[in-house]
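Scroll down for the structure; my scribbles are underneath it.
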Amino acid sequence: MMAAGALAFDPTAESNGADVEIILGKNARTTCFEVTEPDADDDSTGDKDAYMASVLARYQKTLVERTNHHLGYPYNLDFDYGALGQLQHFSINNLGDPFIESNYGDDYWGYITNCGTEGNLHGILVGREVFPDGILYGSKESHYSVFKAARMYRMECVKVGTLITGEIDCVDFKAKLLQNKNKPAIINVNIGTTVKGAVDDLDLVIQTLEECGFSHDRFYIHCDGALFGLMMPFVKKAPKVSFKKPIGSVSVSGHKFVGCPMPCGVQITRPKHINALSRNVEYLASRDAAIMGSRNGHAPMFLWYTLNRKGYKGFQKEVQKCFRNAHYLKDRLRDAEISGMLNELSSTVVFERPRDEEFVRRWQLACERNMAHIVVMPCVTIEKLDYFLNELIQGRSIWYKDEKVRPPCLSTDIGNHNCSCDLHK
């Protein structure tokens, strides 16, 4: 499990729009274990096996403790895949094009990725292959992998402003499109941003493109649905992401809401696009159409297992639980006069960054500027939230007991109406 809070930031510093220096903090993991040759008599003494067993036992204890205080990152830790233990005796390599033995679907093609980032890298690569001279547009609150893709593929990239909710500002988007009308547009649309969980308005993005004179054969849309892409179908009034609309691809993560124990995801695009990207590889007796060569062959089995076990109604109940508990957290923060925000189509609750970095590390909170957030997943219970809130409220009574030190203002990050600083409460 990753340890959050590994980046140090002064929450008392004021943001002036400039880049903030981020320094690796004391939470960076430096522990390592030496690899040594077994002793000649180890088969008889068993000393090496006993040592390794003790290391694993200590590590398991650490993982249990970290799981009990895991709130800041979008992983569903409530799972049991004991039935799949029998498959761990096999090396399963997922190679090549999974559709090579079929005639491809009429509407889509896809594969199991190693992570959400790979889905974005693939979707944007397909867009670049369709439009080699296209410009990549993404909101400034898009996942870092979107801009990583632009660097890797040497693409011209334009960052678009966002609304206070975190969703793309289509007024700014329109202005920047009009500056580059002579080049095709490749757009990353967020189905849940990293920090605020904001959902870009896909229909408005398409409308903006059309108003700027971009016909459907002059733009490519990739939808990054890493977390919320698999939650949105179960939310009433949520917009629909569908290949019936002029999108090029969509990616989701399998280790987040779904709860796969290893990083993985699904990337889906249109067959006509993937044909331009793929190449035959005789060595594989298949086609190379993915980013990675070897992919985790166990991941598809874990995804298949949990999808079958839970089904539509099971996932629907889990989404309802996430939203219900997220609203509970937001209301408790408001009652305690702590700045906080929850977007309508999200279970990510943004609140003021705790002043104590040890507290941030303990609860594995993801932080940006003066904001922290909790991603309410199915494994986050009311009891766990109460435990956290009680510690937070107690901590604030210590951090701000001196009247000279006050909670940060979050009005520029989450709006005046969500800010409970001295000026806005």
Side-chain angles (χ1 to χ4, degrees), residues 4-5 7-22 25 71-74 139-144 159 161-169 172 190 192-199 325-376 385 388-425:
L7 300 178
F9 174 80
D10 179 4
T12 64
E14 294 186 4
S15 174
N16 58 5
D19 291 336
V20 178
E21 182 180 5
I22 299 176
L71 285 176
Y73 291 84
S139 84
K140 65 179 184 179
E141 299 200 29
S142 298
H143 190 259
Y144 69 86
K159 286 189 178 182
T162 54
L163 306 177
I164 201 70
T165 58
E167 69 181 271
I168 191 169
D169 180 354
D172 186 45
N190 294 304
T193 57
T194 309
V195 176
K196 298 179 181 178
V199 176
N325 290 356
H327 280 276
Y328 173 83
L329 173 58
K330 182 202 69 172
D331 292 341
R332 281 287 313 270
L333 289 169
R334 182 167 296 176
D335 292 342
E337 296 187 339
I338 300 174
S339 299
M341 180 184 78
L342 172 62
N343 276 315
E344 181 182 4
L345 298 175
S346 178
S347 65
T348 299
V349 180
V350 181
F351 60 100
E352 69 178 47
R353 181 178 188 149
R355 187 170 177 81
D356 182 3
E357 286 300 312
E358 181 59 31
F359 182 93
V360 170
R361 189 203 70 82
R362 169 175 164 79
W363 285 100
Q364 301 167 73
L365 301 177
C367 300
E368 185 175 280
R369 299 189 298 278
N370 285 326
M371 296 178 290
H373 78 195
I374 287 176
V375 184
V376 180
L385 291 175
F388 165 79
L389 287 161
N390 291 338
E391 284 198 2
L392 177 63
I393 293 170
Q394 182 181 7
R396 292 177 87 251
S397 68
I398 299 172
W399 308 331
Y400 302 119
K401 64 181 179 181
D402 186 345
E403 289 296 320
K404 295 181 181 179
V405 180
R406 304 305 301 154
C409 175
L410 268 67
S411 61
T412 58
D413 292 309
I414 61 177
N416 294 350
H417 58 294
N418 290 313
C419 182
S420 297
C421 72
D422 293 345
L423 181 63
H424 296 105
K425 66 180 179 182

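Each residue takes its place number in the sequence, starting with 1.
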- Message: Please determine whether salt bridge (charged side-chain N to carboxylate O under 4.0 Å, His left out) holds for the pair Lys196 and Glu167, giving the CA-CA distance in whole Å, both sets of side-chain angles, and the decisive distance to 0.1 Å.
- Response: CA-CA 9 Å; Lys196 298 179 181 178; Glu167 69 181 271; over 6 Å; no
- The reported gap from CD in Glu357 to CG in Leu365 (rounded to nearest 0.5 angstrom) is 9.5 Å
- Message: Under a 3.5 Å threshold, yes or no: a donor from one side chain and an acceptor from the other, between Ser420 and Glu337?
- Response: no
- Message: Would you compute the distance between atom NE2 of His424 and atom CD1 of Ile414 and round it to the nearest 0.5 angstrom?
- Response: 10.5 Å
- Item | Approximate separation, where rounding is to 0.5 Å, of Tyr400 OH and Arg355 CZ | 6.0 Å
- Can you tell me if Thr193 uses its side chain to pair, donor with acceptor, with the backbone of Gly197 under 3.5 Å? yes
- Message: If I take atom OH from residue Tyr73 and atom CD1 from residue Ile374, how far apart are they, to the nearest 0.5 angstrom?
- Response: 12.5 Å
- For Asn190 and Gly192, indicate whether the former's side chain and the latter's backbone hold a donor-acceptor pair under 3.5 Å. no
- Message: Keeping Asn370 on the side-chain end and Arg353 on the backbone end, is there a donor-acceptor pair under 3.5 Å?
- Response: no
- Which distance, rounded to the nearest 0.5 Å, do you find between the OG1 of Thr162 and the CD1 of Ile168? 9.0 Å
- Determine the interplanar angle of the Phe388 and Phe351 rings, folded into 0 to 90°, and report it as parallel if under 30°, tilted if 30 to 60°, perpendicular if over 60°. perpendicular
- Task: Examine distances only and state if a side-chain atom of His373 and a backbone atom of Gly72 form a donor-acceptor pair shorter than 3.5 Å.
- Result: yes
- Task: Give me the one residue out of Asn325, Leu71, Leu329 that meets side-chain contact (heavy atoms from CB on, under 4.5 Å) with Val349.
- Result: Leu329
- Determine which pairs satisfy side chain to side chain donor-acceptor pair (under 3.5 Å) with at least one residue from residues 338-351, sequence neighbours left out, and list them in order. none
- Query: How long is the gap from CD on Glu391 to CG on Asp356, to the nearest 0.5 Å?
  - Reply: 10.5 Å
- Who are the side chain to side chain donor-acceptor pair (under 3.5 Å) partners of Tyr328, not counting sequence neighbours? Arg332, Asp386
- Query: Can Ser411 and Cys421 be said to form a side chain to side chain contact (heavy atoms under 4.5 Å, CB included), step by step?
  - Reply: CA-CA 9 Å; Ser411 61; Cys421 72; over 6 Å; no
